[in-house]
Amino acid sequence: MTALRTLIVPGLDGSPAPHWQQWWAATEAGALMVDLPAPARPDPADWETELAGMILRHPDSILVGHSLGAVLIARVLAGGARLRVRAALLVAPAETGLSRRISDFSPIPEIRLPVPTTVVASRNDPWMQFGRARDLATAWGSGFVDLGRAGHVNVASGFGPWPRGKALRDGLVAASAGGPGLAGPGPRPVRGLRAEGRGRDRRSLSR
């Protein structure tokens with residue numbers, strides 16, 4: 001992964017340490033955290049502009065989004081802009097109808113995304129029902145990873161550096177070896193992975 005840039009896309013309220021996204025940004029030379037404006041009061045247009053700008057500055061990167069960040073990536077990829085993206089790992093996407101703070105990100109696009117993607121979902125995520133995450137993965141043409149009962153895949157759920165997540169990202173990169181920006185499905189679904197965290201978090205999409 002030394003030659004490939006990873007753009008890390010946080011969700012509502014950011015991903016403050018010790019969130020796994022901060023671990024990745026702090027420990028990988030090729031990883032950059034996308035600095036989204038007003039993380040506590042997200043505006044879809046502002047966030048999409050910032051992410052698209054980062055992609056333009058760092059073409060052929062892999063995107064790694066958590067929660068609302070995963071939804072943001074889907075919106076940008078579905079928007080029709082000609083952006084050079086290698087692939088995207090979409091972790092614990094958030095249901096935008098569950099909170100007025102993120103309702104402006106509705107509706108979540110349900111079309112096939114133009115790059116290989118993998119959705120990582122939890123069976124007890126308070127921010128999106130498992131079946132809904134699986135349906136989005138199908139609509140997006142994504143691979144699907146079932147983490148079991150892993151909460152919102154965040155600090156409150158017991159997740160620290162999350163090396164398994166890096167392995168999933170690296171596997172997605174390998175599956176996208178045909179080149180960045182190519183249309184097509186993500187890797188085959190991976191099921192039955194043991195969760196690395198427990199717990200629920202209804203206060204924030206990041207913590």
Looking at [X] and [Y], what are the two nearest heavy atoms and their distance?
X: Phe105; Y: Pro42; value: CE1-CB, 3.7 Å
X: Pro39; Y: Gly14; value: CB-N, 3.8 Å
X: Pro93; Y: Met128; value: O-CB, 3.3 Å
X: Ser176; Y: Val173; value: OG-O, 2.9 Å
X: Gly151; Y: Pro126; value: C-CD, 4.3 Å
X: Leu68; Y: Ala94; value: N-CB, 4.0 Å

Checklist entry - Just checking, Arg164 and Trp20: is the charged tip under 6.0 Å from the six-membered ring centre and within 45° of the axis? => result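 Judged by the rule (NZ or CZ under 6.0 Å from the ring centre, within 45° of its axis), Arg164 is not positioned above Trp20.
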From [atom1] ([X]) to [atom2] ([Y]), nearest 0.5 Å:
X: Trp47; Y: Ile102; atom1: CH2; atom2: CD1; result: 9.0 Å
X: Arg134; Y: Arg123; atom1: CZ; atom2: CZ; result: 7.0 Å
X: Leu63; Y: His58; atom1: CG; atom2: NE2; result: 11.5 Å
X: Thr138; Y: Arg112; atom1: OG1; atom2: CZ; result: 10.5 Å
X: Arg86; Y: Leu4; atom1: CZ; atom2: CG; result: 6.0 Å
X: Leu12; Y: Thr96; atom1: CG; atom2: OG1; result: 12.0 Å

Item to check | Selection residues 61-71 - residue pairs positive for salt bridge (Lys or Arg N to Asp or Glu O under 4.0 Å), sequence neighbours left out | outcome: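 Found none.
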Checklist entry - If you look only at pairs with a residue in residues 38-50, which of them pass as a salt bridge (Lys or Arg N to Asp or Glu O under 4.0 Å), with sequence neighbours excluded? => result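 The answer is Glu48-Arg75, Glu50-Arg57.
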Any donor-acceptor pair under 3.5 Å from [X] side chain to [Y] backbone:
X: Trp140; Y: Ala74; value: no
X: Arg5; Y: Leu32; value: no
X: Asn124; Y: Ala150; value: yes
X: Ser142; Y: Phe144; value: no

Heavy-atom side-chain proximity of [X] to [Y] below 4.5 angstrom:
X: Ile73; Y: Val85; answer: no
X: Arg101; Y: Asp13; answer: yes
X: Ile55; Y: Ser61; answer: no
X: Val155; Y: Pro18; answer: yes
X: Leu147; Y: Val153; answer: yes
X: Ile8; Y: Thr6; answer: yes

Checklist entry - Would you say the side-chain atoms of Ser157 and Asn154 include a donor-acceptor pair closer than 3.5 Å? => result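 A donor-acceptor contact under 3.5 Å links the two side chains.
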Next on the checklist: Quiz question: by atom type and distance under 3.5 Å, do the side chains of Ser67 and His152 form a donor-acceptor pair?
Outcome noted: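 Short answer, yes.
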Next on the checklist: Test side chain to side chain contact (heavy atoms under 4.5 Å, CB included) on Leu168 and Asp170; report intermediate values, then the result.
Outcome noted: CA-CA 5 Å; Leu168 291 172; Asp170 294 352; over 6 Å; no
Item to check | Residues Leu90, Thr118; criterion side chain to side chain contact (heavy atoms under 4.5 Å, CB included); working and verdict | outcome: CA-CA 6 Å; Leu90 308 172; Thr118 295; over 6 Å; no
[X]: partners by side-chain contact (heavy atoms from CB on, under 4.5 Å), with sequence neighbours left out:
X: Ser103; answer: none
X: Leu98; answer: Glu95, Trp127
X: Gln22; answer: Ala17, Met33
X: Glu110; answer: Arg132, Leu136, Ala139

Next on the checklist: Determine whether Arg149 and Asp125 satisfy the following criterion, salt bridge (charged side-chain N to carboxylate O under 4.0 Å, His left out), listing intermediate values before the conclusion.
Outcome noted: CA-CA 8 Å; Arg149 298 180 62 82; Asp125 189 339; over 6 Å; no
Checklist entry - Is Arg84 salt-bridged to Asp60, going by a charged N under 4.0 Å from an acidic O? => result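 Result for this pair is yes, salt bridge flagged.
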Item to check | Trace of the side chain to side chain contact (heavy atoms under 4.5 Å, CB included) decision for Val9 with Leu72 | outcome: CA-CA 8 Å; Val9 186; Leu72 173 65; 3.8 Å; yes
Item to check | Working for side chain to side chain contact (heavy atoms under 4.5 Å, CB included), residues Thr117 and Leu89 | outcome: CA-CA 6 Å; Thr117 55; Leu89 184 67; over 6 Å; no
Checklist entry - Are Leu56 and Val34 grouped together when hydrophobic residues (ILVMFWY) are joined by side-chain heavy atoms under 4.5 angstrom apart? => result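 Same cluster: Leu56 reaches Val34 through Ile, Leu, Val, Met, Phe, Trp or Tyr contacts under 4.5 Å.
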